Novice: 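Structure in structure tokens, see below.
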Amino acid sequence: MTRARALVVLFATIALTVGGPMAAAAQPSGGTTTPRSVQDAPSRLSITVEQLTPRVVTTDTPSITVVAKLTNNSERAIDDLDVRLERGAPLTSESKLRDALTQTKPDQTERSRFLEAGSLRPGASTTVTLAVSVNGADNTLKINRPGVYQLWVNVNGQPAGTKDAANLGYANLLLPVISAPVNGSAPSPPAPKPRVPAGVTMMWPLVDERPRIVQTVGDREVLADEGLTASLAPGGRLFSLVNAADLAIAKNPALGQSLCFAVDPDLLATVAAMAKGYLVRVGDGPPAPGIGVAPATQWLDRVRRLTNGKCVLALPYADVDLDALSRAGAGHLQTQAMSAGTDRVREVLAPVQPQPGLLWPVGGTLEQRTVSDLSHHGPVSVVVDPAKLRRDTGRTPYLLRSGLPAGSRALAYDQLTSSLLAGDNGTAQGLAASQNGLAAVLFRAAWGGADSMLITPPRRWTATSADLEALLDGVSLLADQQYVAPKPVQRLMTDPTAGTAEGMEYGAQDSTSEVAGSITAEVMRVNAVQRDLLGAMAKDAALQVEPHTLVTPLQFGLLRATSSAWRADPAGGHRAAEAVDGQVRELLGRVQVEVPGRPASLASRESRFSVTVRNSLPVLVQVRIVVARTAGLSTKQPPDITVAAGHARTEWVDAEVLRSGRFAVTVSITTPGHTPFSQPKKLDLSSTEYGTITLAVTWTAGGLLVLLSGLRIFRRVRANRAAKADTPSID
């Protein structure tokens with residue numbers, strides 16, 4: 001092999017290692033041959049930890065069990081798979097804890113014996129179960145003191161076509177140890193307990209992946225798809241969030257004090273509509289009946305029971321991007337999102353009353369214009385990213401000195417725990433994320449000196465029910481051991497402030513993550529049209545339909561178009577805005593000009609022709625008739641008319657004929673605010689009458705003809721007289 005080829009193979013080997021850089025495994029106690037560096041790139045192998053029991057180690061924990069799934073994602077078979085657990089030294093600082101999840105696996109570790117896992121064909125998967133003693137005499141991790149440990153599932157194997165075994169990768173997570181099991185010696189002291197258990201408060205988000213309602217047909221909502229049905233059913237994401245909280249609180253009712261359910265009002269409204277019967281859009285055809293009535297009913301009933309007597313935060317309707325709306329100058333939409341959100345939560349979850357004065361912004365901060373827009377709401381408590389506080393001193397809760405009304409405060413969330421739950425720092429979501437977050441809670445309480453922790457998981461959390469329940473059970477265990485204590489969010493909002501901050505930073509990265517400006521611009525345009533339409537409508541005494549019942553679904557549709565869900569999906573936001581635009585145009589199109597079957601005749605020079613407007617809406621509509629300029633015809637602007645619901649009205653337009661012949665007159669109708677209702681129509685008119693100009697031209701021509709004729713006669717008479725005068729007389 002040439003030197004150049006050897007270098008290529010070496011770099012390929014390093015680049016394709018899964019889970020981190022390739023590390024040669026040490027000689028295992030079970031007698032397996034030590035893997036050496038391979039002469040070809042190792043196969044791509046994914047390792048997913050599916051179970052970890054227990055999640056927290058105590059003196060009563062003789063062993064831990066890990067179930068991992070191995071999947072061969074390469075085009076080669078892998079033979080002689082060996083799997084084992086390894087652990088590092090206790091992590092003694094926050095920086096080491098963060099680094100442990102991204103750095104190369106350290107050399108100093110304790111290892112279990114290898115477990116032989118056979119072979120894997122390309123694309124195949126296998127599940128392995130590792131049961132390892134915590135601090136025993138054999139096959140042990142030798143954990144003999146409390147701490148937070150880095151734990152690996154390490155996999156070696158021999159890809160087909162290679163000469164030697166290789167390290168194929170590892171899965172990395174944290175293991176919290178309160179106290180170590182005894183192994184024939186004096187027990188080690190437990191982890192240091194805080195003088196007062198650290199308060200734990202956790203936001204528990206109930207937010208759909210994206211808004212689902214696309215239209216209202218009669219009294220039923222039309223959903224874009226059945227994705228929400230799957231989420232509400234057992235095993236679905238939203239089901240898991242409710243199920244895990246419900247089961248954990250049933251085991252430890254005090255845990256309910258630490259949770260504040262952050263609910264998207266649009267999600268509640270959508271599920272309530274599903275429970276009554278709904279429709280689902282099917283391609284370009286008519287919508288079909290939905291299949292999620294039962295899951296929606298059951299989920300909503302469970303949410304009502306779960307949240308009764310608990311903290312509930314009403315997020316802005318559809319979880320709108322408040323900062324994007326402020327930047328677009330849509331303060332009225334912000335106000336509607338806030339007020340409608342609170343009202344809808346009260347309506348659906350009665351007798352629950354949402355927590356007033358609490359905000360949880362999407363990006364953990366607020367732009368200054370948003371702060372100004374919200375200032376009329378009175379003092380608020382804002383859940384913020386501590387890195388976004390400006391000139392902060394002390395600790396949370398912080399008194400905000402500028403921007404918001406006096407008495408407003410910043411509730412800084414625990415950035416370490418929250419980021420680990422979100423799968424930041426290179427970790428994956430799922431079991432690893434929930435496990436790492438739980439380990440961070442113990443670290444904060446025992447070694448981090450925290451007296452209070454506000455935890456904010458991902459807004460659209462994807463953890464399984466088992467992982468969520470394990471997280472809450474772990475927090476309950478720490479509470480039983482007096483490391484933490486549930487702390488209601490209301491106390492964070494009312495306890496004396498412990499620090500101050502001048503305000504919140506909002507940088508370029510924050511602004512670029514907002515809902516796209518092109519989306520909010522379209523929303524503002526459509527909003528102006530629907531507001532003008534609303535101003536042109538009034539209740540008809542015969543039908544008693546309030547105009548807002550026609551427009552309110554459009555307003556909610558515009559809020560859905562500015563949902564924070566579209567931060568990562570601008571195309572979806574544009575589709576949502578375009579859908580509302582189409583519905584507004586459909587309403588406008590129900591007021592039309594009727595075209596008669598034959599041309600209308602203008603009987604005289606100054607005449608009139610009729611324009612008939614039909615209103616198919618169930619409300620009164622004010623209409624302005626606009627006649628385009630037409631050569632040979634002059635018209636006067638008729639007064640605005642009111643057309644009754646479901647009726648037609650004819651209005652006469654005064655006209656002056658300037659020539660005879662046929663005319664194609666373009667007639668359009670608008671609101672008094674100049675918003676067009678439907679497409680302009682052409683009316684055919686005909687006239688045999690002379691107009692003013694024609695008559696003037698005719699009389700002028702006649703006058704000239706008479707004048708010229710008289711002049712000719714005069715010249716002839718004068719010529720004849722002159723001739724007679726020149727002729728000599730004969731005596």
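Predicted model, so just to flag it, every value in this text is computed and none were measured.
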Novice: Compare every heavy atom of Tyr317 with every heavy atom of Pro265, then report the nearest pair and how far apart it is.
Specialist: CB-CD1, 3.8 Å
Novice: What residues form a salt bridge (Lys or Arg N to Asp or Glu O under 4.0 Å) with Glu651, not counting sequence neighbours?
Specialist: Arg649
Novice: Quick test of your reading: applying side-chain hydrogen bond (donor to acceptor under 3.5 Å, both in side chains), list the pairs with at least one residue in residues 216-232, sequence neighbours left out, ordered by first then second residue.
Specialist: Arg210-Asp225, Arg212-Asp225, Thr216-Glu221, Glu226-Thr229, Glu226-Tyr278, Thr229-Tyr278
Novice: Strictly distance-based, threshold 3.5 Å: is any side-chain N or O of Thr365 a donor or acceptor partner for the main-chain N or O of Tyr506?
Specialist: no
Novice: The criterion is ring pair (Phe, Tyr, Trp, His ring centres under 6.0 Å); which residues satisfy it with Tyr413, sequence neighbours excluded?
Specialist: none
Novice: Salt bridge between Arg614 and Glu594, side-chain N to carboxylate O under 4.0 Å?
Specialist: yes
Novice: Please determine whether the number of non-hydrogen atoms from other residues, nucleotides or ligands lying under 6.0 Å from atom CD of Gln679 exceeds 12.
Specialist: no
Novice: Among pairs that include at least one residue of residues 518-597, which meet disulfide bond (SG atoms under 2.5 Å apart), considering only residues two or more places apart or in two chains?
Specialist: none
Novice: What residues form a ring pair (Phe, Tyr, Trp, His ring centres under 6.0 Å) with Phe677, not counting sequence neighbours?
Specialist: none
Novice: With sequence neighbours excluded, what pairs up with Asp684 under the salt bridge (Lys or Arg N to Asp or Glu O under 4.0 Å) test?
Specialist: none
Novice: Are the side chain of Lys681 and the backbone of Val593 linked by a donor-acceptor contact shorter than 3.5 Å?
Specialist: yes
Novice: Tell me which pairs pass salt bridge (Lys or Arg N to Asp or Glu O under 4.0 Å) where either residue lies in residues 515-528, with sequence neighbours left out.
Specialist: Glu522-Arg525, Arg525-Asp581
Novice: Side-chain donor-acceptor contacts of residues 347-364 below 3.5 Å, not counting sequence neighbours, with atom names and distances?
Specialist:
from	atom 1	to	atom 2	distance (Å)
Glu347	OE1	Arg344	NE	3.4
Gln353	OE1	Arg346	NE	2.8
Gln355	OE1	Gln490	NE2	3.2

Novice: Which pairs pass salt bridge (Lys or Arg N to Asp or Glu O under 4.0 Å) with one or both residues in residues 324-338, sequence neighbours excluded?
Specialist: Arg327-Glu514
Novice: Please list all pairs meeting salt bridge (Lys or Arg N to Asp or Glu O under 4.0 Å) that have one or both residues in residues 267-283, counting only residues at least two apart or in different chains.
Specialist: none
Novice: Can you list every salt bridge (Lys or Arg N to Asp or Glu O under 4.0 Å) pair that touches residues 534-547, not counting sequence neighbours?
Specialist: Lys539-Glu546
Novice: Of the non-hydrogen atoms in Ala655 and Thr635, which two are nearest, and what is the gap between them?
Specialist: CB-CG2, 4.1 Å
Novice: Quick one: salt bridge (Lys or Arg N to Asp or Glu O under 4.0 Å) partners of Asp264, sequence neighbours excluded?
Specialist: none
